[in-house]
Amino acid sequence: MPDIAHTKQILADLLAFPTVSADSNLQLIAYAAEILSDAGARISMHHDETGAKANLFATLGPEGDGGIVLSGHTDVVPVDGQEWTGDPFTLREVDGRLYGRGTCDMKGFIACCLAMVPVFAQKPLKRPLHFAFTYDEEVGCFGARALMEELKRAAIRPAAAIIGEPTSMRIIEGHKGCYEYTTEFRGLEGHGSDPDRGVNAVEYAVRYVSRLMALAEELKARAPAESRFQPPWTTLQVGLMQGGAARNVIPGHCRVEWEMRPVQEGDAGFVKDDIKAYIDQVLRPAMKIVSEEADIVTHVVGEVEGLEPVAQSEARRIVSELTGLTEAEVVAFGTEAGLFQSAGISAVICGPGSIEEAHKPDEFVSVEQLAACLGMLERLRPRLA
């Protein structure tokens, strides 16, 4: 096993790259690529459309199907408005805790992976070992979605993926999906004294939200009998509604921000089909009677599939053997694991640190958790070689 001091140094280096989702991750990707290429890994980088961000996919061992992926996202959430007791992008150790933005979510896992690279490379591997480091997980899992397309184009078919999100090294086999939308209502402004001569965007938004709330109740009855989630059904929530200028002006614009978190893939289609039919058959025709320019447009912020627990999971079996844990849990927070599963790759979540510390000021991961993660990865090596 690599020295924990070496892992902490890599973590310090990773933290020094302030990879907030709004900014570039290219320096971090170049740093990781150098470590991997020095160990003989085959490197592939794919940039987003701006060129400012990239995914890194690297492989040790033979070509071919059936490999294992170690996956982590490189972006972190902002620190703006948070009160930190030190520089968020400088690693600080106090009483066995390593503080800094991204220490647990999830640069701690990436540091463990990179520290283990020379260990994995010591002997020839009989099974491919892949490293996947992505961009923009925190704002919609855009990097992982692009990565799945690249793997498909390259005909790379791993068998299992371990996503190292902070689980306190527990095995997580399921989480809900996260589908996020912005729906715009474009009406026709006018004087409040004659409402029928305008198209009140706020009123149509209210009717739309009412329909969403009715669907939220219907979703409760669709909860699978065996659901282990809390709550056990798909949830639907409106987070923001904004429109209008003054009480005596017919509002010409309104915006609704909403989300749903499906426990099963069919629920997402159920909601989207119903609300589309309501727009097409009820709301939009009524708006266009007054103004042909009036409309309702929904923008997809992100649609991230959930990780559905399955009876037979190679990824779960592998991590169970590596950790000695026999129980697997489900969680409320979302990850990139569902995208791997949708691509036909068995996926499980297990990584150092607690999700309770993620996104907070003074985020930390314990040295003990990093050591446990290194131990899991060390036990993976002989299974590959």
Side-chain angles (χ1 to χ4, degrees), residues 20-22 49-50 75 77-78 80-82 136-142 145 176-220 222 231 233-262 267-306 332-334 359:
V20 176
S21 301
E49 59 186 15
T50 71
D75 61 318
V77 296
D80 301 338
Q82 295 184 336
D136 281 0
E137 186 270 350
E138 296 289 3
V139 292
C141 295
F142 300 123
R145 191 173 296 282
K176 295 183 180 183
C178 186
Y179 289 57
E180 299 175 303
Y181 305 96
T182 298
T183 302
E184 284 188 81
F185 297 81
R186 302 168 185 172
L188 178 64
E189 289 188 342
H191 198 285
S193 64
D194 196 353
D196 290 344
R197 297 190 65 179
V199 178
N200 191 313
V202 169
E203 288 185 10
Y204 280 96
V206 168
R207 293 170 65 181
Y208 180 88
V209 169
S210 296
R211 182 60 199 153
L212 288 178
M213 293 301 94
L215 287 169
E217 290 301 311
E218 293 182 38
L219 287 167
K220 294 179 181 180
R222 292 172 57 92
W233 52 78
T234 293
T235 58
L236 197 158
Q237 198 256 155
V238 176
L240 182 144
M241 183 173 175
Q242 188 175 62
R247 69 175 63 88
N248 60 350
V249 177
I250 300 169
H253 187 269
C254 190
R255 175 168 59 98
V256 174
E257 305 272 358
W258 61 284
E259 65 157 29
M260 61 175 158
R261 297 181 181 253
D267 284 353
F270 167 74
V271 171
K272 292 196 290 184
D273 289 347
D274 186 284
I275 201 68
K276 182 179 185 300
Y278 185 59
I279 290 172
D280 292 344
Q281 298 170 20
V282 179
L283 298 184
R284 186 180 286 117
M287 297 170 78
K288 288 187 176 295
I289 289 174
V290 180
S291 171
E292 187 58 36
E293 301 301 316
D295 205 358
I296 301 171
V297 178
T298 294
H299 307 279
V300 177
V301 178
E303 293 182 333
V304 181
E305 293 87 340
F333 64 87
H359 298 193

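All values derive from a computational prediction rather than experimental measurement. Scope of the values below: all heavy atoms of this structure, side chains included, with no hydrogens, waters or symmetry mates.
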**OP:** Supply the atom-to-atom distance Leu212 CG to Thr183 OG1, rounded to the nearest 0.5 angstrom.
**Re:** 7.5 Å
Original post:
Can you name the salt bridge (Lys or Arg N to Asp or Glu O under 4.0 Å) partners of Glu203, sequence neighbours left out?
Top reply: none
Original post:
Considering all heavy atoms of both residues, which atom of Val290 and which atom of Gly198 are nearest to each other, and what is their separation?
Top reply: CG1-O, 3.8 Å
Original post:
Just wondering, are more than 12 heavy atoms of other shown residues or ligands nearer than 6.0 Å to NZ in Lys276?
Top reply: no
Original post:
If you measure from OH on Tyr181 to OG1 on Thr298, what distance do you get to the nearest 0.5 Å?
Top reply: 9.0 Å
Original post:
What pairs with Glu259 under salt bridge (Lys or Arg N to Asp or Glu O under 4.0 Å), at least two apart in sequence or on another chain?
Top reply: Arg261
Original post:
Closest approach of Gly244 and Val202, non-hydrogen atoms and distance?
Top reply: N-CG2, 4.1 Å
Original post:
If you round to the nearest 0.5 Å, how far is CE of Met287 from CG of Asn200?
Top reply: 9.5 Å
Original post:
How many angstroms lie between CZ in Arg186 and SG in Cys254, if you round to the nearest 0.5 Å?
Top reply: 13.0 Å
Subject >> Expected output: side-chain Lys176 to main-chain Gly334 donor-acceptor under 3.5 Å >> reply: no
Subject >> Minimal non-hydrogen separation, Met260 against Pro262, with atom names >> reply: O-CD, 3.5 Å
Original post:
Is there a donor-acceptor pair closer than 3.5 Å between any side-chain N or O of Asp75 and the backbone N or O of Glu137?
Top reply: yes
Subject >> Minimum-distance pair of heavy atoms, taken over all atoms of Gly187 and Ala201 >> reply: N-CB, 4.1 Å
Original post:
In Å and rounded to the nearest 0.5 Å, what is the OH to CZ distance from Tyr208 to Arg211?
Top reply: 11.5 Å
Original post:
If you draw a 6.0 Å radius around CD in Glu293, do more than 12 non-hydrogen atoms from other residues or ligands fall strictly inside?
Top reply: no
**OP:** Take atom CZ of Arg197 as the centre, draw a 6.0 Å sphere, and report whether it contains more than 12 heavy atoms from other residues, nucleotides or ligands.
**Re:** no
Subject >> Gap separating the CD1 atom of Ile250 from the CG atom of Asp194, nearest 0.5 angstrom >> reply: 7.0 Å
Original post:
Hey, does Leu219 have a side-chain heavy atom less than 4.5 Å from the side chain of Phe270?
Top reply: yes
**OP:** Of all the heavy-atom pairs spanning Phe142 and Val301, show the shortest one and how long it is.
**Re:** CZ-O, 3.2 Å
Subject >> Phe185 versus Val256, closest heavy-atom pair with distance >> reply: CE1-CG2, 3.8 Å
**OP:** Please list, chain by chain and in numerical order, all residues satisfying salt bridge (Lys or Arg N to Asp or Glu O under 4.0 Å) with Glu305, sequence neighbours excluded.
**Re:** Arg145
**OP:** Please step through side chain to side chain contact (heavy atoms under 4.5 Å, CB included) for the pair Trp258 and Val271, ending with a clear verdict.
**Re:** CA-CA 12 Å; Trp258 61 284; Val271 171; 4.2 Å; yes
